Amino acid sequence: QVQLVESGGGLVQPGGSLRLICVASGRTFSAYGMGWFRQAPGNEREFVAASSRRGQSTAYAESVKGRFTISRDNAKNTVYLQMNSLKPEDMAVYYCAAAGTGWGTRAVDYDYWGQGTQVTVSS
């Protein structure tokens, strides 16, 4: 019902910054809570950040709080993840997700997923 496409990943040194972008299509974007998750090889998918439908409420994993910021522009059907002070442990494939009935920290709460974008943090 909704298609999500992530971009903005790449290679950055520890302490650097990246901005991930997720563009949605196929349904009214403002009807969905949005989240960012990440998964490193051999690890389970973990929550990173989430935003309510209007972007007025947000939530963050403790591991990224104070460093990452989620935001959205419903007029552009776009959600962003600004990542600052990146650490090697942030290296993973990052996924954009949409929740039709709410938003939160659990992957099972989300209905649609993007293809992912690779974030590599290395010196």
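Keep in mind the model is a prediction, meaning the values are calculated, not measured.
- With sequence neighbours excluded, no residue forms a side chain to side chain contact (heavy atoms under 4.5 Å, CB included) with Asp111.
- Every residue meeting the side chain to side chain contact (heavy atoms under 4.5 Å, CB included) condition with Ser57, not counting sequence neighbours, appears here in chain and number order: Ser52, Trp103.
- The closest donor-acceptor contact from the side chain of Glu6 to the backbone of Thr117 lies at 3.5 Å or more, if one exists at all.
- A distance of 14.5 Å separates CE of Met34 from OG1 of Thr58, quoted to the nearest 0.5 Å.
- With Tyr60 contributing its side chain and Ile70 its backbone, the two residues share a donor-acceptor pair below 3.5 Å.
- Atom CD of Glu89 sits in a crowded spot, with more than 12 heavy atoms from other residues, nucleotides or ligands closer than 6.0 Å.
- In this structure, Gln13 has no side chain to side chain donor-acceptor pair (under 3.5 Å) partners at least two apart in sequence or on a different chain.
- In this structure, Tyr110 contributes its side chain and Trp36 its backbone to no donor-acceptor pair below 3.5 Å.
- Looking at Arg54 and Arg72, their side chains never come closer than 4.5 Å, going by heavy atoms from C-beta outward.
- For Arg67, the side chain to side chain donor-acceptor pair (under 3.5 Å) partners at least two apart in sequence or on another chain are Asp90.
- The two residues Gly9 and Val119 have their closest heavy-atom pair at CA-CG2, 4.3 Å.
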Next item on the list: Verify side chain to side chain contact (heavy atoms under 4.5 Å, CB included) between Asn77 and Ser25, making sure each step is shown before the conclusion.
Entry: CA-CA 7 Å; Asn77 289 355; Ser25 62; 5.8 Å; no
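- To the nearest 0.5 angstrom, Arg53 atom CZ is 9.5 Å from Tyr32 atom OH.
- Across Ser85 and Ser17, no two heavy atoms sit closer than the pair N-OG, 4.3 Å.
- Checking Asp73 against Thr78 by side-chain atom types alone, no donor-acceptor pair falls below 3.5 Å.
- Residues Cys96 and Leu4 approach most closely at O-CD1, 3.6 Å, considering heavy atoms.
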Next item on the list: Please report the C-alpha distance between Tyr112 and Gln3 in whole Å, then the side-chain angles of each, then the deciding distance to 0.1 Å, and finally whether the side chain to side chain contact (heavy atoms under 4.5 Å, CB included) criterion is met.
Entry: CA-CA 7 Å; Tyr112 304 99; Gln3 184 180 23; over 6 Å; no
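- In terms of the side chain to side chain contact (heavy atoms under 4.5 Å, CB included) criterion, residue partners of Val12 (sequence neighbours excluded) are, by chain and number, Leu18, Leu86, Val121.
- Side chains of Phe68 and Leu81 form a contact here, defined as non-hydrogen atoms less than 4.5 Å apart.
- Side-chain contact between Val64 and Arg38 is present, with heavy atoms from C-beta onward closer than 4.5 Å.
- Hydrophobic clustering (side-chain heavy atoms under 4.5 Å, transitive across Ile, Leu, Val, Met, Phe, Trp, Tyr) keeps Val23 apart from Tyr95.
- Between the Gln82 side chain and the Arg19 main chain, no donor and acceptor come within less than 3.5 Å of each other.
- Between Leu20 and Ser7, every side-chain heavy-atom pair lies at or beyond the 4.5 Å cut-off.
- Residues that satisfy the side chain to side chain contact (heavy atoms under 4.5 Å, CB included) test with Arg45, not counting sequence neighbours, are Phe37, Gln39, Ala107, Trp113.
- Listed here is the closest heavy atom pair of Val2 and Ala98: CG1-CB, 4.3 Å.
- In this structure the side chain of Pro14 never reaches within 4.5 angstrom of the side chain of Lys87, judged on heavy atoms.
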